[in-house]
Protein chains: 2
Amino acid sequence: MTRWANAVPDRAEQQELKRKAIIREAARIFSRRGCHGATLDDVADRLGVSKAALYRYVRNKNDLLFACHEEAMEIADRTLTEGERSGRTGLEKIRIGMSAYLAEMIGELGVPVLILEENALQGEEAERIYALRDAYERRLRALVEQGIADGSILPMNPKLAVFMLLGAIHWVTKWYNPDGAWRAGEVAEALMELVTRALAAQPPAALGSAIHRGAAPAGTEP
Amino acid sequence: MTRWANAVPDRAEQQELKRKAIIREAARIFSRRGCHGATLDDVADRLGVSKAALYRYVRNKNDLLFACHEEAMEIADRTLTEGERSGRTGLEKIRIGMSAYLAEMIGELGVPVLILEENALQGEEAERIYALRDAYERRLRALVEQGIADGSILPMNPKLAVFMLLGAIHWVTKWYNPDGAWRAGEVAEALMELVTRALAAQPPAALGSAIHRGAAPAGTEP
DNA sequence: AATTTTGGTTACTGGTCGGTCACTTTTGCG
DNA sequence: CGCAAAAGTGACCGACCAGTAACCAAAATT
């Protein structure tokens, strides 16, 4: 064993880092061009390597697509747990959790990562992602029910409410421009503040986010 | 010229009918499998003809995709005009117009038709669809501003509001199951009632749609 | 009945893309 | 240095798919 063990990025660590970079870039391209429309050559070119090099980090295209979805779901789960911890009412938990999810997806990951088009996944990988997604939706529905019980959310159909929330969130990948004037965190906060108003039993009299108060509408056309 | 001219479907009319059928089926398949993932053989098989036969009604795949989007935008424009006529406030116009759009898309067209993945379109056709879509979004934004002016909508960023509305609407194609218990019109009404609550200056104390009042949650998983 | 027009079929082609293979280059290490 | 393992390359293969061509059948027209 050498001295400075783990002081400098170690072999397996670098490997994992490169794998992450591939996944991130792939997600970006899958998102823009569609899962089938994007080619592995595109991904490789973007990273400045040859397509064959990708196969040292990923078994095949389906596996890569799976990894993209898996990372997205990991973020979704983690942020929702944060929301459940820090929110007081069911509504707050949803707003905080989903806002953090959205901010991380379009912010730190640099770009809208793709969640649409799950149907492009095949085989066992598809089943695993479906299971994760269903579990996430169940958690959200439970929070809606909790919110109805604690009086923060108006009585409504939880399934429909969750579908509406997810639609508003996922659609962001279609119009958000990371080079525009809106920062990711602002967009996430403003959008969730707005959309949770649809659920709120007593909606606030006004919207507080900077974007709603009249920030310049940036060039955000897709 | 024969008697009964136009009494029986005439040649050009039948041609147009078949073209519509192709477009509808294509939209269905594009929607499910993604624009690039769907093949023209799929569409042809579904219609019980050979792929080559399609080319008598459609110039190429891009043209077919264009036709799908064009029809969707035609419906969007028409229904929004209806909404503008029959609604009193800005908010009502949005709710009525978009509800009719949604109902027609997932109801009469039988199936979620695809609006996502515009980026799959290429060439001049893409520009034309972008123009239609932008015009539609501008109309919606104008209605939001009108609603803010007439007091039906809370002051907010119109761009963000429209993006949220569109997200909630378009996402329906991901989860709505035409064979489920929810009728298309009910879903459209309930969803728009819910989502417009996010904009409303004075939201109603309760939601009136059947689905919100506790209809059985159908098997609507994608 | 003869003929043109229309709607359709089967078979094929050319290009694209996922995936592999044989080979070279780089890198960590004793 | 010497060398083995890891990382990466370019060429290639096979499958798939949009689009075409040659050909056939059934109408409509005359």
Carboxylate-amine/guanidinium contact Arg95(A) Glu189(A), below 4.0 Å: no
If you measure from the Lys or Arg side-chain nitrogens to the Asp or Glu carboxylate oxygens, is any gap between Glu84(A) and Lys93(A) under 4.0 Å?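 Here Glu84(A) does not pair with Lys93(A) in a salt bridge, since their nearest N and O are not under 4.0 Å apart.
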Is it the case that more than 12 heavy atoms not belonging to Glu16(A) sit under 6.0 Å from its CD atom? yes
Nearest-angstrom distance from the residue atom [atom1] of [X] to [atom2] of [N]:
| X | N | atom1 | atom2 | answer |
| --- | --- | --- | --- | --- |
| Arg19(B) | dG7(C) | CZ | C1' | 16 Å |
| Leu47(B) | dG7(C) | CG | P | 15 Å |
| Arg33(A) | dT16(C) | CZ | P | 14 Å |
| Leu17(B) | dT6(C) | CG | C1' | 17 Å |
| Leu64(A) | dC17(C) | CG | C1' | 15 Å |
| Asp45(B) | dG8(C) | CG | C1' | 15 Å |

Protein-nucleotides 11-20 of chain D N/O pairs under 3.5 Å:
{"residue": "dA18(D)", "atom": "OP1", "partner": "Ala38(B)", "partner atom": "O", "Å": "3.4"}
{"residue": "dA18(D)", "atom": "OP1", "partner": "Lys61(B)", "partner atom": "NZ", "Å": "3.1"}
{"residue": "dA18(D)", "atom": "OP2", "partner": "Leu40(B)", "partner atom": "N", "Å": "3.0"}
{"residue": "dA18(D)", "atom": "N7", "partner": "Lys51(B)", "partner atom": "NZ", "Å": "2.7"}
{"residue": "dG19(D)", "atom": "OP2", "partner": "Tyr55(B)", "partner atom": "OH", "Å": "3.2"}
{"residue": "dG19(D)", "atom": "OP2", "partner": "Lys61(B)", "partner atom": "N", "Å": "2.7"}
{"residue": "dG19(D)", "atom": "N7", "partner": "Lys51(B)", "partner atom": "NZ", "Å": "3.1"}
{"residue": "dG19(D)", "atom": "O6", "partner": "Lys51(B)", "partner atom": "NZ", "Å": "3.1"}

Quick one: sort the His170(A) and Trp171(B) rings into parallel, tilted or perpendicular, breaks at 30° and 60°.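 Ring orientation, 0 to 90° scale: tilted.
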Show the nearest heavy-atom pair for residues Thr81(B) and Arg139(B), with the distance to one decimal. OG1-NH2, 3.0 Å
If you look at every heavy atom in Ile23(B) and Ala67(B), which pair is closest and at what distance? CD1-CB, 3.6 Å
Shorter than 3.5 Å, N or O on both sides, protein versus nucleotides 3-7 of chain D: list them out with atom names.
{"residue": "dA6(D)", "atom": "O4'", "partner": "Arg11(A)", "partner atom": "NH2", "Å": "3.4"}

May I ask you to check whether Ser209(A) and Glu193(A) show a side-chain donor-acceptor distance below 3.5 Å?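 Short answer, yes.
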How long is the gap from CG on Leu194(A) to CG on Asn157(B), to the nearest 0.5 Å? 9.5 Å
